[in-house]
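Data block below; observations after.
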There are 2 protein chains.
Amino acid sequence: MPVAKGALCIADRLAMILGKDDRRERCDYVDKFEQRLDQAARAAWLSYVGGRTQDEIASQLGVSRPGVQRLLALARQEGLVKVRIDHPIATCMMLSQQISERFDLDFCDVVPMDTGAADSSYQYLAVAGAERLERYIERMAPLTLSLGSGRTVRAMVEALSRLDRPQHRFVSLVGNVARDGSSNRYDGIMVLADKTGGERFLLPAPVVAGSVEEKEAMLGQRLFHAVTDVALKAEAAFIGVGRIDRQAPLFQDHFINEGELDELLAMQAVGELLGWPMNQDGDVIDCSITRRVTSLPLELLRDQQLVALAGGREKAPAILAALRGGWLKGLVTDETAARFILDAGR
Amino acid sequence: MPVAKGALCIADRLAMILGKDDRRERCDYVDKFEQRLDQAARAAWLSYVGGRTQDEIASQLGVSRPGVQRLLALARQEGLVKVRIDHPIATCMMLSQQISERFDLDFCDVVPMDTGAADSSYQYLAVAGAERLERYIERMAPLTLSLGSGRTVRAMVEALSRLDRPQHRFVSLVGNVARDGSSNRYDGIMVLADKTGGERFLLPAPVVAGSVEEKEAMLGQRLFHAVTDVALKAEAAFIGVGRIDRQAPLFQDHFINEGELDELLAMQAVGELLGWPMNQDGDVIDCSITRRVTSLPLELLRDQQLVALAGGREKAPAILAALRGGWLKGLVTDETAARFILDAGR
DNA sequence: TCACTTGACGATCAAATGATCGGACAGCAC
DNA sequence: GTGCTGTCCGATCATTTGATCGTCAAGTGA
């Protein structure tokens, strides 16, 4: 297999030929490196572009195979080798990698933003989340899994394929009834349990109780206890991330009224997890609303795989807060939010 | 090791969700491929950019390791992976690769053109050739090696490091005396034998005899025979390539006179190897000069590693002819000539 | 409905790769 | 001149990678 070699490795020998012996020392030193780099470039070319094996390269370059190895290492180290993946997914991979590293996540999925459809990344998120979810559910050993509420979580379970696993248990982390007594239409537990045949555990409470006393009463209920006990045994939790602003789901779905929303905004709340409002550093805000939230305290979920599904420019600050708080182990988001998170982080 | 996955593999499932069952067939088909390509891109990214092992990628993507392998193969096949070597040598490698393949050479070295110095590629060539030469000489087993004449060959042996190999034999392929009886100042055998301590065999003849009778007389000499016998046993031959024009070395060094030069030009000669003039297809031209050339017929060197050293725009047509004639097994040239050869070839 | 084709998937093995180790060489100080 | 030190080089082994094969499931036609 014929390919070129032996060309630029010359400067010191050139100096010898031309009789430039006076400045040998310095020249030799600089050029030894240049020479090595040339060889490295040649080796890299043969390896990555030419696709030859290190043995072939070794014989063509007249060095040993470990020598080729060192050259390739040098070429990579010196940044001679540039690899580019020609696919839209490449940017997403980069973003997800950076987010994973910065916030110490077990995984982070970034779905690409579809320049065509306006709100399609919503469905993308759902499917990406469903794939993660499926990875848990498909295993045969009995599994306990908890779910948050929200449109995204609901969309995720709807995107899930049917899979018969009656041995699994699914439990909700937040109340499924609104203040007026109607059940939360975004609760995913029912759909999930239907699709898998697993057991369902619903939290018989509103997300935010009407008063502190009401909350205390609920926490005292046997049923409530039973459900939360199951929730604490869950291995993973798939939850949404709520924004705190005029479009906040807590407000839109009448879990809190306008005055309470204003209170949260005044206290610099930017987002919520399971109804627990956070400031931009991810600290749970202690206020009148917090004291009435019935869902499991986030602290109790530290040991679980807490996976958040959320995307879009509007939710981005809330996601960032959740990440900063260190609550999450996994994240499924979109390119828009990922960019915001990384830009704001630095 | 956290990194993203599971994002774009959606179209078919999306279709399912949105209830687009009517056009399932076609969609599924197209999208299955897109989906695979997305996975492939992800795998490629993790492998080439992220530097993960295939096992890690497999667990992150939720497929088996052979699956990852197939994805990587697909990514390469579909041209998703673009590798670039950031070094001037990269272009040379490409050129040498193409020349090697097109003309079926065992090797081809292309030295980069130095935009700084004007005629420096001359020295580059010499050093590149010397490295090839060294690869032969450094071996301990007795070696017979033949040399052509010319400035480039001479420069090559001068660029060679000293290396004690008294067991080797070096023999010239072309006469080392000019018509006037003076010895050829470009003969490299003396230098080479001096540097290695090997035996030397000089051809006691001019390149071109004064007449056919003179040539016949020489070929009859016992000494001449002895030397050519050694030459035929050589494993490799390092030769130059001569141009045929007003600056032809054959003419400049008075091996042929102006009238003979004109005769060659009239017969479409573009270059010569060992004094044998060739047309642009590399066929040796049969003419009055040919009948007086004393060096070994090229046909007798078919079995040897015939390595040519030559570069520059002016010599390029001659090199191309030599390549087209299929005389060469190896070539050491420069970027300029390499480009010319490849451009003219297509 | 059944047999056949087609394609994909995962287990297994050979090849290639990366890493560690011991040894040799050159430069330097004494 | 001799010993020391740092550096480079090549042999060996563990890991990773690529390829082949058998199996299985889905789709297709009789």
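All chains are named by letter (A, B, ...) in the order of the sequence lines, taking the proteins before the strands, and each is independently numbered beginning at 1.
For D:dG10, its base sits under 3.5 Å from the side chain of A:Arg70 at one donor and acceptor pair at least.
Between B:Leu46 atom CG and D:dT17 atom C1' the separation is 16 Å, expressed in whole Å. Atom CG in B:Leu71 sits roughly 9 Å away from atom P in C:dC9 (whole-Å rounding). B:Arg76 has its CZ atom 11 Å from the P atom of D:dT17, to the nearest Å. Going from atom CG of B:Leu74 over to atom C1' of D:dG18 covers 16 Å, rounded to whole Å. Rounded to an integer number of Å, the gap from A:Tyr48 OH to D:dT17 P is 12 Å. Rounded to an integer number of Å, the gap from B:Gln39 CD to C:dC9 P is 11 Å. Taking atom CD1 on A:Ile57 and atom C1' on C:dA16, their separation rounds to 11 Å, with Å as the unit. The CD atom of B:Glu56 sits 11 Å away from the C1' atom of D:dT16 (whole-angstrom rounding).
If you check D:dT12, C:dG10, D:dG18 against the side chain of A:Arg65, the one that comes closest is D:dT12. Distance from the side chain of B:Thr53 is smallest to D:dT17 among C:dA16, D:dT17, D:dG10. When the nucleotides D:dT17, C:dG18, D:dG10 are ranked by their closest atom to the side chain of A:Gln69, C:dG18 comes out on top. For B:Gln54, counting side-chain heavy atoms from C-beta on, the closest listed nucleotide (D:dT17, C:dG10, C:dG18) is D:dT17.
At distances below 3.5 Å, not a single donor-acceptor pair connects side-chain atoms of B:His87 with backbone N or O atoms of A:Arg42. The backbone N or O of A:Lys329 lies less than 3.5 Å from no partner atom in the side chain of A:Gln305, so there is not a single donor-acceptor pair.
In this structure, the side chains of A:Val157 and A:Lys195 stay at 4.5 Å or more apart for every pair of heavy atoms.
Minimum heavy-atom separation, B:Ala44 to B:Val81: CB-CG2, 4.0 Å.
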